[in-house]
A.B. asks: 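Shown below is the structure under consideration.
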Amino acid sequence: MNNMIKKCLGAVGKPLTLACQKYANQFSIATFFTSANRCLLCGDRLNPDRSCQDTPVNKNCRSMSAFAGKQQEFLFRQLLDYKSFTYTYLLADTTTNEAVIIDPVIEMVERDCQIVKDLGLNLVYAVNTHVHADHITGTGEIKKRLPTCKSMIAQISKAVADIKLKEGDVIKFGSHQLEVRSTPGHTDGCLTYVWQQQGLAFTGDAILVRGCGRTDFQQGDPSVLYDSVHNKIFSLPDNFRLFPAHDYTGQTMTTVAEERKYNPRLTKPKEHFIKIMEDLKLPYPKQIDRALPANMVCGVF
């Protein structure tokens with residue numbers, strides 16, 4: 001184990017758990033300290049030439065929460081609905097406790113609201129990346145339980161929501177904000193939410209891990225999707241992490257650099273991509289007849 005990592009482990013409290021030591025052993029010194037220059041154990045900002053050996057022992061509790069994704073200024077949780085393979089994302093400012101949830105699923109509303117309650121968060125917005133065809137959104141049910149929460153969706157989708165979004169809008173929660181980028185092609189109302197401060201983007205179905213959303217129904221257009229991804233997502237820095245609305249292979253995220261290099265569809269020339277999408281011949285979506293009407297009215301009939 002690197003000596004600097006040993007010092008950090010020693011600073012956050014003794015005795016050290018085996019899990020803690022095992023976790024540290026998995027990382028080189030280059031990856032143990034995050035891109036925000038924070039120690040993954042104690043959460044403190046670091047200068048490149050010092051460890052966090054002088055941090056107080058009572059920071060151990062906070063440092064353990066870092067394993068779940070909580071840092072000093074923000075919280076990030078990725079949640080899964082295992083039936084529709086939908087990812088829901090909970091983001092929060094840990095100073096003000098203001099939070100945003102992206103793409104909630106109606107069957108998982110109890111879980112989501114319980115997490116919000118457990119963490120003492122004030123959920124200000126429930127946001128959808130698009131009008132989904134494979135599940136019913138949980139935004140309407142969340143609003144029933146948390147009346148101060150407002151729903152959001154693309155204006156062009158013509159779906160019911162408290163706030164209609166368009167290109168260039170900003171979703172603020174505490175000191176953080178999501179930039180709204182219009183990325184149509186899967187549907188004409190698809191939006192990508194970019195968290196510039198953390199180097200993240202929530203891409204909905206516009207781009208998946210080594211894939212993309214289908215374009216054969218619900219205003220789908222492969223030419224438009226290709227341009228959306230290349231102009232609005234691939235234009236982000238290489239190290240930006242991309243979090244899709246779904247994954248069916250067990251992967252949780254990808255990066256701009258990976259998808260530029262390895263995406264089997266979107267790395268092709270535009271004409272080739274269009275042909276690939278037109279030749280997919282995918283089955284009719286199982287939930288579309290139930291989900292689309294419900295999602296046009298915020299998931300509440």
Side-chain angles (χ1 to χ4, degrees), residues 77-90 100-112 126-143 151-154 156-161 165 182-193 201-222 224-226 228-229 233 242-254 259 263-266 276-301:
R77 293 288 172 87
Q78 183 180 40
L79 307 167
L80 174 66
D81 169 39
Y82 57 89
K83 292 182 180 179
S84 64
F85 301 98
T86 299
Y87 285 127
T88 297
Y89 300 98
L90 180 64
V100 173
I101 195 166
I102 300 174
D103 286 338
V105 177
I106 193 167
E107 288 86 357
M108 308 306 291
V109 165
E110 292 292 342
R111 175 201 67 185
D112 298 343
V127 188
N128 281 290
T129 53
H130 62 291
V131 177
H132 300 275
D134 53 5
H135 68 271
I136 296 177
T137 178
T139 52
E141 290 299 325
I142 286 174
K143 286 178 55 180
S151 57
M152 291 179 155
I153 203 166
I156 196 173
S157 72
K158 300 180 181 177
V160 173
L165 300 169
S182 177
T183 49
H186 172 61
T187 75
D188 57 8
C190 284
L191 299 175
T192 290
Y193 303 113
F202 304 92
T203 59
D205 285 9
I207 186 168
L208 308 175
V209 181
R210 307 297 190 268
C212 63
R214 59 194 293 176
T215 58
D216 58 333
F217 70 96
Q218 204 182 357
Q219 314 99 36
D221 187 317
V224 172
L225 179 59
Y226 188 90
S228 292
V229 171
I233 299 175
L242 306 179
F243 291 89
H246 305 279
D247 187 80
Y248 308 97
T249 65
Q251 300 183 76
T252 59
M253 57 157 284
T254 183
E259 296 307 314
N263 192 293
R265 299 176 184 175
L266 288 156
I276 289 173
M277 299 306 290
E278 289 177 344
D279 291 344
L280 287 178
K281 296 180 174 58
L282 297 170
Y284 189 73
K286 293 180 180 179
Q287 297 293 326
I288 187 170
D289 293 332
R290 172 175 174 263
L292 278 185
N295 290 333
M296 290 299 292
V297 291
C298 203
V300 180
F301 289 97

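All of these numbers come straight from a predicted model, not from anything done at the bench.
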A.B. asks: Dump the intermediate steps for side-chain contact (heavy atoms from CB on, under 4.5 Å) on Ser84 and Gln287, then the final yes or no.
C.D. replies: CA-CA 9 Å; Ser84 64; Gln287 297 293 326; over 6 Å; no
A.B. asks: So do Arg210 and Pro264 actually touch side chain to side chain, heavy atoms under 4.5 Å?
C.D. replies: yes
A.B. asks: Under a 4.5 Å cut-off applied to non-hydrogen side-chain atoms, are Asp134 and His246 in contact?
C.D. replies: yes
A.B. asks: Measuring from Arg111:CZ to Leu90:CG, what's the distance to the nearest 0.5 Å?
C.D. replies: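 Arg111 atom CZ to Leu90 atom CG measures 9.5 Å (nearest 0.5 Å).
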A.B. asks: Can you find a side-chain donor-acceptor pair between Glu259 and Thr254 that sits under 3.5 Å?
C.D. replies: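 Indeed, the side chains of Glu259 and Thr254 share at least one donor-acceptor pair under 3.5 Å.
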A.B. asks: Is it true that Phe243 and Tyr87 have ring centroids separated by less than 6.0 Å?
C.D. replies: no
A.B. asks: Can you find a heavy atom in the side chain of Gln78 that is under 4.5 Å from one in the side chain of Thr252?
C.D. replies: yes
A.B. asks: Using side-chain heavy atoms (C-beta onward) and a distance below 4.5 Å, is Ile233 in contact with Thr203?
C.D. replies: yes
A.B. asks: Taking side chain as C-beta onward, heavy atoms only, is Leu165 less than 4.5 Å from Tyr193?
C.D. replies: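 Side-chain contact under 4.5 Å: yes.
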A.B. asks: Are Pro244 and Asp205 side-chain neighbours, meaning at least one heavy-atom pair lies under 4.5 Å?
C.D. replies: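 When only atoms from C-beta onward are counted, Asp205 and Pro244 do not touch, as no gap falls below 4.5 Å.
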A.B. asks: For the residue pair His130 / Thr187, report whether a side-chain donor-acceptor contact shorter than 3.5 Å exists.
C.D. replies: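 Distance-only check fails for Thr187 and His130.
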A.B. asks: When you compare the side chain of Leu280 with that of Asp216, does any pair of heavy atoms fall below 4.5 Å?
C.D. replies: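 Heavy-atom side-chain distance check fails, nothing below 4.5 Å.
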A.B. asks: Are the side chains of Thr88 and Met108 in touch, meaning some heavy atoms are under 4.5 Å apart?
C.D. replies: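 Contact flag for Thr88/Met108 side chains = no.
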A.B. asks: Between Asp103 and Thr129, is any side-chain donor less than 3.5 angstrom from a side-chain acceptor?
C.D. replies: yes
